[in-house]
Asks: 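One structure coming up, written as structure tokens, with questions to follow.
Below, chain A is the first sequence line, B the second, and so on; all start at residue 1.
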Amino acid sequence: MSFRWAREMGNAIKALFRSRALASEVNSELEQHIAFMTAENMEKGMSRREARREAIRKFGNVERYKEEARDSWGTRLLLDLFRDLKFGLFLLRKQLGTSSIAVVVLALGIGIAVTIFSFVSAFMWPDLKIPEEEKLFYTEWRNVVDAPRGIAQINVRDFDVFREETSDLAKLVAYQLFEPTLLIDSKNAFAERYPAARVSPDFFSVTKTKPLLGNVITSENFAIRPSELVVISHNVWREQFNEMVTVIGKQLRIDGEVHTVVGVMPEGFEFPAAQQLWIPADWSDSASLSRTESPQLNVIGKLGEGVARLELKTRMDSVAKRLATEYPVSNEKLLSVGVDRYILKFTPRGMEASFKILLFLAFLVLAVACMNAFNIVLGRSAKRSFELTVRNSLGATKFNIVRQVVIDGFLLSVLGGLGGLVLANVVSAYISSILFSITIQNLPYWYQVSIDGTVILFVLGVVVFSTLVSSVIPALRVAKSNSFRMLKDSNRTSSGVFMGRLSRFLVGGQIATSAFIVLASILLKDLGNALVGLSLPFDADKVLLTKIDLNDSQDFKEDVVKEAFFSNLKREMEGLPGVEAFAYSSVKDGMFENRMKFEIEGIEYGKDDLKPWAGPNVLTPNAFDLLGLKLLSGRLINDLDTRETAKVCVIGEAMVEGWFPDRSPIGQRIKFRNGLLKDEWLSVVGIVSKQNLVSHLSNQNAKGGVYLPQAQWPLTRASILIRGGNDPFRWVKPLRESIRKLSPGLAMPGTFVTVQDFVDQERSLLNVFIFLFNCFGGLALLLASVGLYSVIAFFARERWKEYGIRTAIGASGKSLVLEVLKIGRWYVVIGILLGLTAGLGAGKVIQSILNAGNYPIALPQILATLAAVLVFSFAAMCFPAWRASKVDPMLALRAD
Amino acid sequence: MKREGRKDILLGTLDLLILRVVSAGPKHGYAIARRIEQMSDDVLSVQQGSLYPALHRLEKKAFIKSEWLTGETNKPVKTYTLTKDGQRQLADEISHWKLVSAAINAIIDVE
């Protein structure tokens, strides 16, 4: 077996590193050849000088042979590349000004593109760390508003049918999320809450994740001891069991019931979203329940080999239609299911579209940055046009020249890319801090904005892209340029040939793009603030918010017991010195409503669709004061409203504007169509001031809250609001102690935040969007100014000599300033016009995304954009104009 | 005395000739060129322009290796030696050449 290949490769690599030594060896070898020839000639009787001359003559072009000999080593291309790189670095240093502008501009563009990409990829293309995750899907009912149950989840009975009838296409599993308490009897600790899932027995078969210890739940172990098992997460194993290896078989209480640990999942496994406990669910006893009463499930699954989502959907739809005919009472109008990518289950609707817009804008900013780099590289090449042309004439191939200019662009892009990566890291960290600093809900485990492998790959792609965009066209131009014309050009920089129509067009494009982005960002900010501008009418920092759920506990089967617990806890807490107010509210955050349809007495609604929406909120009388809701007319709810008296409600001002425009609502009666309040007429007794509601974001039909007395509607779960002193968190411990005193087995409330925290989190995504749009707007303006500056400066520089002469013969500085300013005026005007038109179009899109048709796009926003773009453009042109007016005639003439 | 009408080396055979000449013992570039001329009775001449690239190519392919040796003149001279791979390659090329030249001769000799 020959190792010739290895040796050959070794030789080539050696040659690469010994290029200098090799070159000198070639020289000596050829010299030696000539010496031998000389010696031979001398033997023939020639004198030494004659002999050598003859030898050299006969040998021919020594230099060419040297080149050819060196070429035979095959390192020529690499050496040239290396030389070009070295020259590129030299250029970078020599033209430090333009180099740094180009690098900064590219770093900004690449930085923002990478940030957005990492942000979007965290949500849209996350790494679930699950094999074959692309086959995962979730399914739920579609168009459920008119259906009898109005719920998108699929009930147990329907799930069974779907599972059986689609078993050849996909594996369907189901789960229910809940947040139980976990207590280990042997440990003397507070009960803790963990997000958990009740899962169908074969749930783990879709993830195929191997447990770290023990087993997952399987149909086999489920059959032996249904619903007494629990699989715990790595977190729970660490926090509750100190990573004890013998944890399998240990017992713990979940919502009071004993479960045996059968398995521990590996670190990071929190499927389906943020779950820490998995308990097999036995839904078999719901077989006796009617379809309307049987439990609702989240259904997910994994597609079979080669099965498309659409194929599964078609099958499920046909099953749904059959169910609708067979069971009209429960399934009427439930005719279609959605089968979507799994992660979209956790992505708010409309977010996908917003992400696409973000990506689009990021690329737009990147493109503007690349246009700048393009003009800068073009300008640099133009300055070197004389040199490049001479090289071309002396025989440098087009390829050589193109390569050199492209390497110039490549170096700029690489430096820009590195800068961009650093920038992206900083900005991503900032975004994460906005998004994830307050975590009230349990966020899916894959929500992590980070610079990962995909992102790095993206950066490389972007660098190549920006190299190509910024340097290939300039390079081709240089290579193509006419030598004669160039050499004749007295300016030696041949502006006419270089900074042609394309550059001017690009500058116009940059200004248009920046005007567009600035207007879009102003609009988004204004609309966003108008919609979610929560100027809360109370000091939200001082109100503690938590929740309590009596459903978990076995001790609260009856309404009376629940009622007693709530009033005892309230009395207990209000008895503590320092507590100013302690209130309950039925909605999750104390303020924002869950919308429901309702009707007003005496109004005929042809179709259910036409009924208005409102958010009912069952609360204690003192909650009005706590939430800053001011009475406008009528009366508030008070302690005289009890279960025995007529059912009453207070409505928000927005309700009046929306649904009682022409008559006083006081004394009118309204009725909700489902839930706890179903079919009870409620008399309106008062009107309170309105809150700016987050729910406006999702639906503009929600016209405000309807407030009901807690005394008339027994609560099972409630938000607790506490105010007292400057530090609301000081009430956490007393509250936990009071709850333990009243009901030792009851779960402690999970999270404690202030109302302000909650609002911040509700707004966090919007805040991120606004922040990003501001970045886009600011960057676009900056980049466009740089672009405008570089082009104007280039043109002004071209006419340096002319300005010098004009100054010398008495032209005023002012006239020269005007002259330079005039160069740019049309780009600015046309750019602004185009940008504003496009921006207004984008405004309409933003309006429709935010459901903000009511908020008009007005003149001030357009004027603000106009002013911003004008100021930046003017500033960009001023510097070259000022320099033109200060040209020293002597210097200008000497520089030639 | 040089003959008129000396032929340049046939395309593609220079490597074969170099290997053959070097197989007789280590030689420097000039000696290789001269040896080819001598052995061919001055029929073939080697151009310097193709000799050195060919030598370097063969060295890169590891068929020959070079050393700087001190010769008669007391100056270091770059000398080429055949490697084992080179011996194998030479054998291959010779048999190939014989095959081809026999075929060409056969065509020429017809009629």
Side-chain angles (χ1 to χ4, degrees), chain A residues 1-19 21-44 48 51-52 54-76 78, chain B residues 1-2 6 8 14-15 18-19 26-38 42 45-92:
Chain A
M1 158 109 203
S2 159
F3 292 100
R4 193 168 65 78
W5 285 111
R7 241 172 291 155
E8 198 177 324
M9 185 87 97
N11 281 344
I13 293 171
K14 243 192 299 181
L16 188 60
F17 287 102
R18 294 181 54 235
S19 58
L22 272 178
S24 96
E25 270 185 32
V26 168
N27 290 348
S28 333
E29 195 177 14
L30 295 182
E31 192 49 51
Q32 154 207 313
H33 193 105
I34 290 170
F36 280 120
M37 286 171 85
T38 311
E40 205 179 70
N41 287 342
M42 281 167 71
E43 277 172 24
K44 287 178 195 157
R48 172 174 283 278
R52 184 167 168 82
E54 174 62 15
I56 292 177
R57 191 191 63 76
K58 221 179 134 204
F59 194 94
N61 189 340
V62 185
E63 290 306 314
R64 209 186 91 210
Y65 293 149
K66 282 183 188 171
E67 283 286 289
E68 278 176 14
R70 274 179 234 148
D71 281 358
S72 70
W73 283 98
T75 52
R76 172 65 169 264
L78 277 166
Chain B
M1 185 73 198
K2 301 249 164 78
R6 248 178 6 181
D8 285 343
L14 181 58
D15 288 8
I18 293 175
L19 290 176
K27 278 182 188 59
H28 53 71
Y30 179 72
I32 293 172
R34 291 295 293 140
R35 186 79 186 120
I36 289 176
E37 285 170 14
Q38 284 167 6
D42 273 355
S45 107
V46 185
Q47 294 296 319
Q48 289 84 351
S50 39
L51 174 67
Y52 287 99
L55 282 171
H56 293 153
R57 193 170 57 239
L58 289 170
E59 190 183 1
K60 197 179 143 216
K61 286 184 180 169
F63 292 144
I64 53 177
K65 60 180 186 206
S66 67
E67 276 171 299
W68 287 86
L69 299 176
T70 317
E72 317 122 41
T73 53
N74 263 346
K75 277 186 189 160
V77 173
K78 193 173 185 186
T79 315
Y80 295 92
T81 323
L82 199 66
T83 63
K84 280 214 172 117
D85 287 324
Q87 287 169 8
R88 219 169 291 136
Q89 179 70 12
L90 176 61
D92 281 358

Asks: Quick one, A:Phe36 with B:Arg34, criterion side-chain contact (heavy atoms from CB on, under 4.5 Å). Give me CA distance, side-chain angles, the key distance, then yes/no.
Replies: CA-CA 10 Å; A:Phe36 280 120; B:Arg34 291 295 293 140; over 6 Å; no
Asks: The criterion is salt bridge (charged side-chain N to carboxylate O under 4.0 Å, His left out); which residues satisfy it with A:Arg52, sequence neighbours excluded?
Replies: A:Glu31
Asks: On the 0 to 90° scale, with breaks at 30° and 60°, tag the B:Tyr52-A:His33 ring pair as parallel, tilted or perpendicular.
Replies: perpendicular
Asks: Under 3.5 Å, side chain of A:Gln32 to main-chain N/O of B:Lys78, donor-acceptor pair present?
Replies: yes
